[in-house]
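Let me begin by presenting the structure, written as structure tokens, before commenting on it.
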Amino acid sequence: MLDRTHNTPALPPEIARRRTFAIISHPDAGKTTLTEKFLLYGGAIQMAGQVRAKGEARRSRSDFMQMEKDRGISVSASAMSFEFRDFWFNLVDTPGHSDFSEDTYRTLTAVDAAIMVIDGAKGVESQTRKLFEVCRLRDLPILTFCNKMDRESRDTFDIIDEIQENLAIDVTPASWPIGMGREFVGAYDLLHDRLEIMDRADRNVKAESIKIAGLDDPKIAEHVPAHLLEKLREEVEMARALLPPFDRQAFLDGTLTPIWFGSAINSFGVQELMDGIGEFGPAPQLRPAQERQVSADESKVSGFVFKVQANMDPKHRDRVAFVRLCSGHFLRGMKLTHVRSGKAMAISNPVMFLANERELTEDAWAGDIIGIPNHGQLRIGDALTEGEALHFTGIPSFAPELLQAVRVTDPMKAKHLEKALTQFAEEGAAKLFKPMIGSGWIVGVVGQLQFDVLQSRIELEYGIPVRFEPTQFTSARWVAGPRDKLEAFVKGNRGHMAEDHDGDPVYMTRLQWDIDRVGRDYPELKLTATKEMM
Ligand code: GDP
């Protein structure tokens, strides 16, 4: 496990003030609304509604986006940066649907903390749990936001119990809701002894914050009706007796999550949550590489690609590699070593996303996410450094569980298909296999929905109508080993062999028996269900 404390105090101020995080939630819990309010408070947008409005303008252009809307999923992830008080926030968006978990897993390798949003009426839902487990694998610190308290919600203790039991993590209340549904008036801030009163009249107004001297302060009665106040006093007393107090180290270790209660749509509780991220952190953390751990305060720049997004702007057909900077102070124009190829790359057009607008950036610090437009040189897992051969670890690659052949319905367009497929393979959206015998392509994915999205994107972005069909194969294994053995194996199994988009050999079959047989007949060869991305 990483030691999350040792490098924090010594960080240069520009790095120490950075907070790089993601929001995890089940669809509909309020992630988009919360993001919007973050940007609003970060001064990155002027009016709530802009993120959505933009999203919708973009979506309405396409069937693919229509599909995204119909199914209530968000598949286009990006990173947004904004200032809040003394802090610089980098919010990395994660796609919500489970079929995109591959993308989400990689995104979560780029952040130092996560906010878990749950719906106060629904509690921990399936997708929340899955994403939480990913965070747990990396011991990520988690802040919890219980949303929609302006609607009928569950009992506060029930919600906390459910999180503790379902997710096996300690929960400490950072705030306590006062009333709920129509009676919801605000929350009591347990960490700072403040009363936060919600303004129902204007959704974009920040809550009124009233400093009080504990729950016996007579001032409270001016703001909270008597029956709610009595309940609040009782509940807070019980909570303080039964629930663990806030402990920064336990939070940083990922074993304790502070929970805030609020209503994103009413801008309530959001600022307190943002203050929590600022106050508790963490600042940019150590990053593991094969060679050593890389600390954010090292003077030399390093970073890794965790996401490649193509065709962000259909007019330009460009490709942006998202890089998490792990150390140093990056300046525009710097020449960095692309470790995989050993070549130098001048990074002349780095971009950052400020409120969804892509802007050229002159500099960036460890913890930041920068986008580097490129023509396909940069791939997921690639490292950029000032010369050192670093290989950052922990970027997962998933075994393709579903294989289908892709067919072009218009033969005139067949030759453009390869370009489209290669592009998506490099983006990490699918695995691509070219069988050695015959023509055509086989595509491997983790979830069925990915086929639908690919089909829509190929048509939309390349104008090629395609369909996916079952093949005779159901499993794919990468094959590695001594060259002569490998060649002999390929020769004897041509009907089962394909190359992936890097030209590496892949063995395909529908029988586990075949895979076992290869293991016995060719003990020098290694068959793996995933290909490490490094
Ligand atoms: P996402 O799918 O997690 O991104 O969720 P959205 O932010 O799109 O929100 C889902 C729905 O819940 C939308 O209709 C929002 O307007 C609504 N919503 C979000 N926050 C709140 C809230 O605090 N209270 C209520 N009543 N509705 C909310």
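Atoms within a ligand are numbered from 1 in the order they appear, just like the ligands themselves.
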- Query: Tell me the ring pair (Phe, Tyr, Trp, His ring centres under 6.0 Å) pairs involving residues 152-184, sequence neighbours left out?
  - Reply: F157-W176, F184-F268
- Of the backbone atoms (N, CA, C, O) and the side-chain heavy atoms from C-beta on, which set of I265 has a member under 4.0 Å from an atom of ligand 1: side chain, backbone, both, or neither? both
- Note on the structure: Checking heavy atoms under 4.0 Å, the part of R151 that sits near ligand 1 is side chain
- Judged by atom type as modelled, is there a donor-acceptor pair below 3.5 Å linking the side chain of D253 to the main-chain atoms of T255? no
- When rounded to the nearest 0.5 Å, the distance separating CZ of F145 from CD of E272 is 8.5 Å
- Item | Nearest-0.5 Å distance that lies between atom NZ in K148 and atom CG in D28 | 5.0 Å
- Item | Heavy-atom nearest option to atom 20 (N) of ligand 1, drawn from V117, T35, N147, D119 | N147
- Message: With salt bridge (charged side-chain N to carboxylate O under 4.0 Å, His left out) as the rule and sequence neighbours excluded, what pairs involving residues 155-181 come up?
- Response: R154-E162
- Item | Full working for ring pair (Phe, Tyr, Trp, His ring centres under 6.0 Å) between F89 and F21 | CA-CA 8 Å; F89 283 3; F21 59 97; 5.4 Å; yes
Could you list the atoms of ligand 1 found under 4.0 angstrom from a heavy atom of [X]?
X	answer
K31	1 (P), 3 (O), 4 (O), 5 (O), 7 (O)
A264	23 (O)
S263	22 (C), 23 (O), 24 (N)

- Task: Give a yes/no on ligand 1: does N266 have at least one heavy atom closer than 4.0 angstrom to it?
- Result: no
- N or O pair under 3.5 Å between P27 and ligand 1: no
